[in-house]
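Down below is the structure, laid out as structure tokens.
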Amino acid sequence: MATTRQAHTVWEGNLIEGKGVVTFDSSGIGEYDVSWPARSEKANGKTSPEELIAAAHSSCFSMALSNGLATAGTPAARLNTQAEVTFQPGTGITGIHLTVQGEVPGLDEAAFVKAAEDAKANCPVSQALTGTTITLTASLA
């Protein structure tokens with residue numbers, strides 16, 4: 001069964017001086033301030049589209065890797081995934097780097113890296129972002 005999730009943003013003003021609020025409608029987890037300076041300079045307590053993409057990508061990748069490992073008979077005890085989305089003003093998103101460290105009893109480093117590469121290629125968020133260079137660093141704890 002397909003699912004649909006919603007979020008919305010209310011923006012006031014122009015790009016440089018304006019500000020907005022993004023609301024997570026489906027989960028109800030809250031409202032978060034967004035602004036151009038938070039996107040192109042320091043976050044200063046605000047979020048950005050890139051941070052939201054990083055959250056989506058790190059969680060989707062972790063789910064895909066967890067499933068792949070379990071399906072192969074080597075379930076993970078723990079996966080710690082970080083996604084770094086790089087934004088260059090005037091150019092856009094220039095890349096995403098995933099870093100995952102796993103605790104997977106009975107699995108060697110090479111098999112873990114192979115499973116992580118497969119998850120990177122096949123998680124739905126990676127597939128949605130195919131126009132962006134996605135790199136990966138994977139290691140066992």
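Model, not experiment: these values are computed from the prediction.
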Judged by atom type as modelled, is there a donor-acceptor pair below 3.5 Å linking the side chain of S66 to the main-chain atoms of S62?
no

Spell out, yes or no, whether V34 and F24 are grouped together once hydrophobic residues are joined by side-chain heavy atoms under 4.5 Å, including indirect joins.
yes

I'd like to check E31 versus T23 (side-chain heavy atoms, cut-off strictly below 4.5 Å). Are they in contact?
yes

Transitive ILVMFWY side-chain link V10 to L52, under 4.5 Å:
no

Does any non-hydrogen side-chain atom of L79 lie less than 4.5 Å from one of F61?
no

Closest non-hydrogen atom pair between H97 and T137, with its separation:
NE2-OG1, 2.9 Å

Under 3.5 Å: donor-acceptor pair, side chain of S126, backbone of K120:
yes

Which heavy-atom pair separates T47 from Y32 by the least distance, and what is that distance?
CG2-CB, 3.9 Å

Evaluate the side-chain proximity of N122 to Q127: yes if any heavy-atom separation is below 4.5 Å, no if none is.
yes

Tell me, do H8 and D25 make a side-chain contact under 4.5 Å, heavy atoms counted?
yes

Check whether any side-chain heavy atom of H57 lies under 4.5 Å from a side-chain heavy atom of L129, and answer yes or no.
yes

Once rounded to the nearest 0.5 Å, what's the spacing between atom NZ of K19 and atom CG of N14?
12.5 Å

So, for G95 and T132, which heavy atoms are closest and what is the spacing to 0.1 Å?
CA-CG2, 3.8 Å

Would you name the heavy atoms of A138 and A116 that are closest together and state the gap between them?
CB-CB, 3.7 Å

Hphob cluster co-occupancy, L136 + L107, side-chain heavy atoms under 4.5 angstrom
yes

Any link between V125 and V22 through a network of hydrophobic side chains (Ile, Leu, Val, Met, Phe, Trp, Tyr) touching at under 4.5 Å?
no

In short, S139 meets E109 closest at the heavy-atom pair CA-OE2, 3.0 Å

Kindly give the heavy-atom pair with the smallest separation between S26 and T4, and that separation in Å.
OG-O, 4.3 Å

Main-chain N/O of A38 paired with W36 side-chain donor or acceptor, under 3.5 Å:
no

